Peer 1: 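Can you keep this structure in mind? I'll have questions shortly.
It should be emphasised that the depicted structure is a prediction, and the values quoted were computed from it without experimental measurement.
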Amino acid sequence: MGGGSSKNPGGSSGDQLYVSLKIENMDVKEELVPHVFGSIPIIGSWDSTRALSMERESALTWELSFVVPPNHGTLVFKFLLKPKDAESPCLVEEGEDRLLTGGKMEDESRSAVFKSPGFGQDELLAYRVFVIVDVISPFDLAASWRAYKENLRPSTVRGIPDISMNAAPEGCQENASAAVMELDLERYVVPSPTCASTGVYAANLAETPRSLGFAKCDVSSGSHNSCEVEFLKTDHTASDKVMPAAAGAVAAAAVADQMHGPKEDQCLAIVLVGLPARGKTFTAAKLTRYLRWLGHETKHFNVGKYRRLKHGVNQAADFFRGDNPEGVEARNEVAALAMEDMLSWMQEGGQVGVFDATNSTKQRRNMIMKLAEGKCKIIFLETICNDESIIERNIRLKIQQSPDYAEETDFEAGLHDFKERLANYGKVYEPVEEGSYVKMIDMVSGNGGQIQVNNISGYLPGRIVFFLVNTHLTPRPILLTRHGESQDNVRGRIGGDSILSEAGEIYSKKLANFIKKRLKSEKTASIWTSTLQRTILTATPIVGFPKIQWRALEEINSGACDGMTYEEIKRNMPEEYESRLKDKLRYRYPRGESYLDVIQRLEPVIIELERQRAPVVVISHQAVLRALYAYFADRPLKEIPQIEVPLHTIIEIQMGVTGVQEKRYKLID
Ligand code: F6P
């Protein structure tokens with residue numbers, strides 16, 4: 001029976017193994033879907049409910065493929081047949097576990113044999129098994145990026161394709177004096193100009209309660225400290241026809257909503273649902289940051305913050321019991337206060353409120369829907385996590401970071417109390433089944449999971465779902481840097497497509513050394529540049545990682561002013577110069593772009609940065625990096641054109657469960 005083939009996986013360093021497992025049966029039973037389950041990390045779990053489904057390749061064959069490093073540990077797995085009706089039990093293949101090491105499967109000619117009482121007296125079902133292993137270069141892997149075709153175009157730098165993987169280029173050996181391999185990266189660390197959101201407990205950054213007598217804040221700053229920042233228009237009401245603080249699709253959708261949509265459809269409340277320690281607050285903070293960056297007026301209302309202000313930080317687990325009427329009333333009261341604040345803010349022009357609480361009973365959600373009736377549309381966003389290890393990690397983070405436990409000096413006592421609180425919530429928890437909802441199931445780990453969507457329509461809800469599908473909390477660094485100094489930088493000319501100056505070339509070599517050192521323990525990473533010479537040349541000395549050119553990463557298009565100095569613009573086009581000074585965010589160069597335009601075109605880049613699990617080095621330009629940095633640092637739109645992004649400096653953004661942290665390295669003084 002059985003047969004198989006596998007090439008000898010050799011290949012050069014950096015290559016990966018593409019493994020394709022196939023099974024074939026002449027007498028296919030349509031009601032049984034072949035799956036694979038087994039040991040971590042590739043196959044996921046010995047839990048049959050999490051088995052990976054094989055894809056139907058033809059009438060008789062099914063396939064599952066994945067990519068692993070050549071030196072991957074032994075993968076232990078088995079095939080499994082899952083009946084389409086969830087009632088009947090799964091069939092696990094007979095015999096020993098299968099072992100795959102270095103792309104080779106032990107005993108690969110052994111068929112997968114299944115026994116079931118349903119097959120008839122002593123009848124067995126046998127599938128032929130094939131393993132095909134191919135060595136795949138990072139270049140080929142990177143080629144899958146062609147999904148982003150619209151952002152790619154052939155290089156303007158001769159000989160460098162838009163997706164490339166370079167070996168160490170000849171003649172690019174280090175200039176000993178300028179680019180000696182520096183091992184101590186800490187030596188280059190410089191302070192960041194702001195302290196942004198460095199690892200702060202996300203709920204603390206939520207909206208400051210007004211209804212409890214705290215400051216009245218402006219509706220459109222998009223800043224955590226929004227009371228301090230005056231933005232585009234602060235005193236408008238919902239009936240004002242203000243221009244949205246956005247360009248492109250966001251602006252078009254906002255205008256359409258204002259003109260045609262019913263009043264309640266102009267405002268949207270994303271109401272979180274879920275037990276404590278399921279990542280609700282981080283999801284709320286992330287979504288708020290994304291929507292603000294796109295130009296939607298968005299605020300995060302955290303009911304826990306209201307509860308702490310009204311009832312103090314020391315509420316023990318009993319307060320959260322479902323059969324404690326005072327506790328239930330007190331919690332409903334603060335939820336209603338937060339809701340009131342959110343609705344008043346919407347009346348003043350706010351667009352999306354992210355309402356962050358457990359909202360874990362139907363009764364609570366009914367109350368919220370009643371309060372919102374005729375005022376805003378509601379989408380429930382339920383976060384479900386079945387992975388005990390993630391829940392345990394979240395619980396521990398909570399004890400360390402939540403103000404609820406700031407005064408608890410005994411960690412174990414805090415842990416015990418919080419687990420009791422969780423159990424109290426668990427007793428009355430009712431998953432969402434009503435209204436419009438999105439359920440994120442096991443999405444936080446970034447290893448699969450799923451999103452269920454019910455009754456969702458419209459531009460903004462669609463975008464929100466797309467964002468949530470792509471986001472995860474796997475820690476990984478993102479390195480942002482401008483290209484090395486260009487010849488146009490030396491001449492003070494904006495735009496253009498010049499090559500590097502001498503200092504710029506030195507930076508490119510230093511940067512390559514930096515990346516080699518910084519990413520030496522990373523299995524994969526990729527280097528993204530724009531399609532302009534100065535970024536491609538800056539990336540040239542970097543070896544061993546795929547490089548991808550994005551058109552979306554090009555510098556702000558300065559249109560009619562391209563190639564001029566700021567002095568020349570002031571002299572020859574004084575009105576343009578003045579208009580830009582007045583509103584640099586919205587100012588659009590004649591036949592060119594504004595910062596708001598740049599933000600719109602960067603959205604696919606942000607989504608891809610969110611989706612990536614491996615480190616990414618982005619080598620781009622001043623205006624583009626200001627916009628990207630603002631997203632991660634949660635800086636208001638209005639500040640973007642002034643953000644400091646100096647030459648020859650790397651901004652490392654660390655994305656992880658405690659939020660976003662930043663570190664800056666200056667390689668050349
Ligand atoms: O001067 C370098 C540069 O990258 C120009 O090409 C670009 O027009 C400019 O920076 C963007 O910065 P600003 O918006 O401050 O003019």
Side-chain angles (χ1 to χ4, degrees), residues 190-208 217-234 244-247 250 282 284-300 350-352 354 467 471 477-482 553 555-556 580 583-587 593-603 605-607 609-610 618 620-646 649-656 658-664:
V190 290
S192 300
T194 62
C195 54
S197 47
T198 46
V200 180
Y201 184 62
N204 290 352
L205 303 175
E207 178 57 1
T208 307
C217 297
D218 104 71
V219 294
S220 49
S221 71
S223 159
H224 304 316
N225 304 316
S226 46
C227 310
E228 297 156 19
V229 190
E230 202 261 339
F231 189 42
L232 305 170
K233 189 169 195 313
T234 58
V250 171
F282 291 120
K286 233 177 161 175
L287 184 59
T288 304
R289 179 159 58 96
Y290 168 72
L291 293 173
R292 275 179 182 164
W293 182 79
L294 278 177
H296 300 286
E297 287 172 6
T298 307
K299 268 186 180 171
H300 177 183
Q351 195 185 358
V352 188
V354 181
F467 175 74
T471 185
I478 293 170
L479 304 174
L480 305 177
T481 177
R482 285 174 72 184
L553 287 175
E555 182 52 304
I556 189 169
R580 191 161 200 256
D583 188 352
K584 199 170 168 188
L585 178 70
R586 291 159 181 270
Y587 170 82
E593 285 179 307
S594 67
Y595 269 88
L596 289 179
D597 294 328
V598 172
I599 292 167
Q600 287 300 304
R601 75 157 135 101
L602 283 174
E603 204 231 354
V605 177
I606 287 294
I607 294 285
L609 285 171
E610 284 288 354
V618 182
S620 183
H621 307 264
Q622 176 154 252
V624 165
L625 291 169
R626 281 174 173 156
L628 290 180
Y629 173 81
Y631 170 78
F632 292 111
D634 202 4
R635 296 276 290 272
L637 290 184
K638 142 183 165 153
E639 291 179 16
I640 290 180
Q642 273 76 38
I643 290 175
E644 265 180 70
V645 183
T649 302
I650 297 145
I651 304 176
E652 176 171 338
I653 306 281
Q654 188 73 42
M655 315 250 292
T658 54
V660 173
Q661 289 180 314
E662 169 193 339
K663 198 166 180 181
R664 292 194 178 207

Peer 1: Between Q642 and R626, does the side-chain contact (heavy atoms from CB on, under 4.5 Å) criterion hold? Intermediate values first, please.
Peer 2: CA-CA 8 Å; Q642 273 76 38; R626 281 174 173 156; over 6 Å; no
Peer 1: Checking S620 side chain against V618 main chain: does a donor-acceptor pair fall under 3.5 Å?
Peer 2: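 Here the side-chain-to-backbone pair does not exist.
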Peer 1: Does the side chain of I556 reach to within under 4.5 Å of the side chain of H621, using non-hydrogen atoms?
Peer 2: no
Peer 1: If you look at every heavy atom in I643 and Y629, which pair is closest and at what distance?
Peer 2: CG2-CD2, 3.6 Å
Peer 1: Quick check: closest heavy atoms across V598 and E593, and the distance to 0.1 Å?
Peer 2: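 Minimum heavy-atom separation between V598 and E593: CG2-OE1, 4.0 Å.
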Peer 1: How close do L637 and P641 get, heavy atom to heavy atom, and via which atoms?
Peer 2: O-CD, 3.8 Å
Peer 1: How close do V354 and A284 get, counting heavy atoms only, and between which atoms?
Peer 2: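 Heavy atoms only, the tightest pair is CG1-CB, 3.6 Å.
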Peer 1: Are V624 and E555 close enough, and set up right, to give a side-chain contact (heavy atoms from CB on, under 4.5 Å), and what steps lead you there?
Peer 2: CA-CA 6 Å; V624 165; E555 182 52 304; 4.2 Å; yes
Peer 1: Please examine the side chains of L294 and Q600, heavy atoms only from C-beta on, and report whether any two atoms are closer than 4.5 Å.
Peer 2: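 In contact.
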Peer 1: About how many Å separate CD1 of I640 and OH of Y595, when rounded to the nearest 0.5 Å?
Peer 2: 9.0 Å
Peer 1: Between atom CD1 of I478 and atom CG of L480, what is the distance when rounded to the nearest 0.5 Å?
Peer 2: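 So the gap between those two atoms works out to 7.0 Å.
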Peer 1: Quick check for you: to the nearest 0.5 Å, what is the distance between D583 atom CG and K638 atom NZ?
Peer 2: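 Taking CG in D583 and NZ in K638, the distance rounds to 10.0 Å.
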Peer 1: Using side-chain heavy atoms (C-beta onward) and a distance below 4.5 Å, is L602 in contact with L553?
Peer 2: yes
Peer 1: Taking the side chain as C-beta and beyond, is there a heavy-atom pair between F282 and T471 under 4.5 Å?
Peer 2: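 When only atoms from C-beta onward are counted, T471 and F282 do not touch, as no gap falls below 4.5 Å.
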Peer 1: Find the distance between CZ (R482) and CD (Q622) and round it off to the nearest 0.5 Å.
Peer 2: 4.0 Å
Peer 1: Hey, could you give me the CD1/NZ distance between I650 and K663, rounded to the nearest 0.5 Å?
Peer 2: 12.0 Å
Peer 1: Parallel, tilted or perpendicular for Y290 and Y631, by the 30°/60° rule?
Peer 2: perpendicular
Peer 1: Rounded at 0.5 Å granularity, tell me how far OG1 in T481 sits from CZ in R664.
Peer 2: 10.5 Å
Peer 1: Taking side chain as C-beta onward, heavy atoms only, is L609 less than 4.5 Å from F632?
Peer 2: yes
Peer 1: For the residue pair T298 and R292, what are the closest heavy atoms and their distance?
Peer 2: O-NE, 3.1 Å
Peer 1: If we ignore hydrogens and angles and just use 3.5 Å, is the side chain of W293 paired with the main-chain N or O of I599 as donor and acceptor?
Peer 2: no
